[in-house]
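No hydrogens, no waters, no symmetry mates; every other heavy atom, side chains included, goes into these values.
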Amino acid sequence: MKVLHLISGGDTGGAKTHIIALLKGLNKEIDAQIICFIEDTFYDDVVKAGIPIKVFKQKSRSDLTIISRLVDEIQEKGYDLIHCHGARANFIAQFLKGKVKKPFITTIHSDYKLDFKDNFYKRLVYTTLNTIALRRFDYYIGVSDLFRKMLVDRGFRRDRIFVTYNGIDCDSQESYVPREEFLARYGIENRGQTFVGIAARLDKVKDHVTFIEAAKLVLQEEDATFLIAGEGGETEYLQELTRRYGIQDKVKFLGYVQDPYSFFNAIDINTLTSVSESFPYVILEGAKMMKPVVTTQVGGVHMLVENGENGYLVPVGNEVILRDRLLKLIRDEELREEMGRKLFMAVRRKFSYAAMAESHIRIYEKILHGGPNVVMSGYFGFDNSGDDAILKAIVKDMKEYNRLVRINVLSKDPDKTESICPVVSSDRFKIRDVYKSLRDSDILISGGGSLLQDVTSTRSLLYYLALMRLAFLLKKPVMVYANGIGPVNKPFNRFLTKNTLNRVQQITLRDRGSLEYIERMGVTNRNVKVTADPVFTLEAADNNRVNQIFVNEGIYPKKPLVGVSVRYWKDDRNLAREISKGLQEIIDEKNVEVLLIPMHYPEDLEICQRIRGAVDREDCHILQAKYTAEEIMGIIGKLEMMVAMRLHSLIYAATRKVPMMGLIYDPKVEGLLRELEIPYSLSVDNLDADSFKEVFDAAWNDLDNMRENISEKEERLKGLAQENIELAFRITGR
């Protein structure tokens with residue numbers, strides 16, 4: 001793979017650091033070259049790093065004579081992909097793109113509408129030209145999820161935008177001078193005071209005004225020196241501001257610092273006050289020197305900085321909170337050292353330059369070689385733990401099978417879906433987006449759950465059938481993936497379902513009951529296989545995280561825990577009342593504690609709260625917060641027994657080998673219990689406390705046998721769940 005990177009060459013700060021770190025990592029795996037258009041310190045630093053670079057000099061920004069040179073270079077060297085960075089490179093690329101039939105990608109390092117915020121002429125001309133140029137690219141990389149969302153909100157295609165966070169070489173030995181030497185360079189006296197630093201170009205988007213306002217407030221209480229590294233159009237105004245406040249002797253403007261690690265070595269606290277950022281390198285560079293950070297909550301900084309743990313996050317433009325956080329660190333040297341160490345360890349774990357390079361290579365491979373393009377439909381984006389778990393399991397299994405697979409999920413809330421899974425997501429209710437997704441796909445997967453039934457809604461059934469029929473029109477294969485099917489009661493719905501299922505390429509079902517149901521319906525499709533629910537392949541959250549959840553919820557069980565998961569269903573007041581009565585007796589007789597677990601948040605929370613209020617025992621707890629599927633799975637793993645209506649709470653229990661009792665409101669619950677050969681269940685229709693208690697007692701007396709039985713079945717079901725993936729990829733032929 002050969003990739004050409006284009007950049008202006010006048011870059012400093014984060015953009016320069018990004019390119020150098022990225023190319024150092026890339027050139028260990030692929031052939032990557034830089035061409036820049038200005039010979040400046042950027043060129044010198046890239047050469048020092050041992051990275052291949054050429055300069056194609058422009059006489060001015062409007063000099064387009066280099067286009068023909070670039071065309072010759074690309075054709076001669078056989079580059080597979082052109083990767084641009086910054087406004088000048090983007091501008092050149094739009095002319096180059098018409099002459100070179102290669103994929104073009106650009107990295108969004110900042111909010112491009114704010115890049116020339118301080119200069120009216122540049123904002124009018126360069127921002128406009130860059131905005132136009134960006135629309136012509138094939139693909140985009142945002143260096144934070146925020147920038148990806150920014151592009152989506154501005155009309156860029158979701159499925160063309162990737163995200164990869166900045167990285168840094170944590171193992172290289174950086175050169176820097178001792179603190180005393182660095183301070184002496186600027187005539188700064190070291191009296192043993194605390195040094196607070198900010199390294200950022202001096203323009204409005206970096207909001208040095210808030211930094212200086214906070215400095216004024218800090219200096220009213222503590223001795224400190226504030227160092228500002230950087231240059232820019234705001235310099236004179238900011239210097240005048242310090243004179244107005246009478247703090248010009250305590251706030252030092254250092255200008256451009258060529259050896260940034262000497263700066264970070266000299267300071268005690270690293271600060272960032274930006275209004276907008278992607279994922280700022282100055283935090284990574286400061287972390288490498290084990291300096292704690294106080295930063296505005298912008299861009300992707302929350303991915304690294306855990307507030308109060310390895311640094312502080314403060315609101316944009318709030319000098320009072322910034323002052324408070326700085327004072328806390330100034331007054332506690334031990335805390336500074338501890339936070340600095342923790343921040344460095346977090347960077348090493350998550351944001352190495354090797355990880356950044358690997359992420360880019362995966363993106364390049366997807367663009368150049370591609371894997372199958374899968375569209376998934378299901379009950380996604382509704383905050384239902386079970387359906388979130390289905391999605392996560394399918395995505396995990398697919399990416400393990402083929403790392404180049406591209407997955408587009410049709411969701412009620414695309415942003416939410418993308419936040420929980422490494423996928424692209426489209427709005428399931430926007431016909432145009434759904435059509436485009438299916439048109440560009442290799443397969444439609446109707447993914448997991450009980451999608452084909454009309455008990456809850458005919459409209460929902462018709463929606464999923466309509467998607468399949470649209471795929472048929474577009475000549476795209478369709479797979480019904482590990483579904484539980486039925487009941488479908490209305491005659492027309494049954495006819496439509498049967499007709500559609502007979503035309504799909506593959507049907508996998510999560511239980512034998514669904515197979516029997518579609519056979520009774522008259523489905524004659526021969527490509528049908530009983531597998532298992534995808535969630536059987538999902539891994540639970542680790543034990544430390546689960547223990548922390550119990551602490552956060554104030555739950556400290558001293559007795560065995562029995563979990564209960566219920567949902568609204570028909571006469572839910574009777575259901576809640578009778579279950580509450582049964583639980584009161586169980587708590588007293590069995591010497592246990594009860595944990596109520598909302599699976600569909602917050603929909604299940606109210607009925608859980610009603611049961612908790614009726615039980616009225618200290619030994620009856622409720623999970624108040626919303627948790628991920630993996631976290632709930634880990635919580636259920638702590639239980640002695642699970643009592644549930646929600647199917648996936650029972651599946652979670654099975655994956656953790658926890659004995660169970662089912663409350664049947666839908667055939668799918670009964671189907672799972674049949675697969676697991678669990679005899680302990682009760683219909684919720686006309687449920688009463690006595691029958692509830694009777695079935696519970698029988699299950700409680702059979703815990704050991706159930707554990708052994710579930711252990712035997714769970715491994716087989718996990719294997720069957722993985723068969724779904726093989727069948728899906730067999731259909732795509734890729």
Side-chain angles (χ1 to χ4, degrees), residues 13-14 17 165-168 170 174 176 178-179 182-183 190 192-200 206-208 210-215 217-219 221-230 250-252 254 257 260-274 277 279-316 318-352:
T17 308
Y165 282 84
N166 290 335
I168 196 166
C170 294
E174 306 295 345
Y176 57 89
R179 171 184 280 193
F182 182 82
L183 295 176
N190 183 1
Q193 75 274 37
T194 304
F195 288 89
V196 181
I198 183 170
K206 301 299 182 180
D207 193 16
H208 289 78
T210 295
F211 179 78
I212 292 170
E213 296 275 3
L217 297 175
V218 167
L219 290 168
E221 301 188 42
E222 295 289 345
D223 184 22
T225 296
F226 292 78
L227 306 181
I228 299 177
K250 298 293 183 74
V251 179
K252 302 293 185 179
L254 309 184
V257 177
Y261 285 100
S262 295
F263 171 80
F264 290 114
N265 179 63
I267 64 175
D268 298 295
I269 304 168
N270 191 18
T271 313
L272 190 71
T273 52
S274 297
E277 284 285 355
F279 189 84
Y281 261 103
V282 290
I283 296 180
L284 298 178
E285 291 170 326
K288 191 168 179 181
M289 303 302 290
M290 296 193 184
K291 304 299 179 178
V293 68
V294 183
T295 173
T296 44
Q297 193 162 350
V298 290
V301 296
H302 66 282
M303 300 291 291
L304 172 62
V305 181
E306 298 177 48
N307 195 26
E309 185 67 22
N310 59 11
Y312 289 114
L313 299 171
V314 299
V316 170
N318 194 316
E319 69 274 9
V320 175
I321 295 179
L322 178 58
R323 173 204 63 187
D324 293 344
R325 299 297 180 258
L326 290 175
L327 284 173
K328 189 171 181 64
L329 288 170
I330 288 169
R331 291 165 177 167
D332 193 335
E333 183 178 355
E334 188 175 320
L335 179 63
R336 294 200 302 266
E337 292 177 355
E338 180 186 1
M339 281 190 167
R341 281 194 302 271
K342 287 181 177 179
L343 189 64
F344 173 71
M345 294 309 296
V347 169
R348 179 180 284 281
R349 284 195 312 273
K350 303 178 185 177
F351 299 101
S352 70

Just so I know, are the side chains of [X] and [Y] near enough to count as touching, which here means a heavy-atom distance under 4.5 Å?
X: Pro280; Y: Val301; result: yes
X: Arg179; Y: Asp268; result: yes
X: Val257; Y: Ser262; result: no
X: Val305; Y: Asn310; result: yes
X: Phe351; Y: Leu304; result: yes
X: Asn190; Y: Phe195; result: yes

Answer yes or no: is there a donor N or O on one side and an acceptor on the other, between the side chain of [X] and the main chain of [Y], under 3.5 Å?
X: Thr194; Y: Ala224; result: no
X: Thr273; Y: Lys206; result: yes
X: Tyr281; Y: Gly167; result: yes
X: Asn307; Y: Leu313; result: yes
X: Lys291; Y: Ile267; result: yes

At their closest point, which heavy atom of [X] faces which heavy atom of [Y], and how far apart are they?
X: Asp332; Y: Leu335; value: OD1-N, 3.0 Å
X: Phe211; Y: Phe226; value: CZ-CD2, 3.6 Å
X: Arg336; Y: Leu329; value: NH1-O, 2.8 Å
X: Leu227; Y: Leu254; value: CB-CD1, 4.1 Å
X: Ile198; Y: Leu272; value: CD1-CA, 4.3 Å
X: Val251; Y: Ala215; value: CG2-CB, 4.3 Å

Quick one: [atom1] on [X] to [atom2] on [Y], what's the gap to the nearest 0.5 Å?
X: Met289; Y: Glu285; atom1: CE; atom2: CD; result: 10.5 Å
X: Leu284; Y: Thr17; atom1: CG; atom2: OG1; result: 9.0 Å
X: Ile168; Y: Ser352; atom1: CD1; atom2: OG; result: 10.5 Å
X: Leu219; Y: Leu326; atom1: CG; atom2: CG; result: 10.5 Å

- prompt: If you draw a 6.0 Å radius around OH in Tyr176, do more than 12 non-hydrogen atoms from other residues or ligands fall strictly inside?
  reply: no

query: When you look at NZ of Lys350, are more than 12 heavy atoms from neighbouring residues, nucleotides or ligands closer to it than 6.0 Å?
result: yes

task: Would you verify whether the NZ or CZ of Lys288 falls within 45 degrees of the ring axis of Phe264 while also being under 6.0 Å from that six-membered ring's centre?
output: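 No cation-pi geometry.
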
- request: Would you sort out whether Arg323 and Glu319 count as a salt bridge (charged side-chain N to carboxylate O under 4.0 Å, His left out), showing the intermediate values?
  value: CA-CA 6 Å; Arg323 173 204 63 187; Glu319 69 274 9; over 6 Å; no

- prompt: Which is it for Ile330 and Gln193 under the side chain to side chain contact (heavy atoms under 4.5 Å, CB included) test, yes or no, and what are the steps along the way?
  reply: CA-CA 9 Å; Ile330 288 169; Gln193 75 274 37; over 6 Å; no

query: So Thr271 and Leu322, side chain to side chain contact (heavy atoms under 4.5 Å, CB included) or not? Walk me through it.
result: CA-CA 9 Å; Thr271 313; Leu322 178 58; 4.1 Å; yes

message: Please evaluate residues Tyr312 and Met339 with respect to the criterion side chain to side chain contact (heavy atoms under 4.5 Å, CB included), reporting the C-alpha separation (whole Å), side-chain torsions for both, the decisive distance (0.1 Å), and the verdict.
response: CA-CA 9 Å; Tyr312 289 114; Met339 281 190 167; 3.6 Å; yes

- prompt: Hey, mind stepping through Met345 and Arg349 against side chain to side chain contact (heavy atoms under 4.5 Å, CB included) and telling me if it holds?
  reply: CA-CA 6 Å; Met345 294 309 296; Arg349 284 195 312 273; 4.0 Å; yes

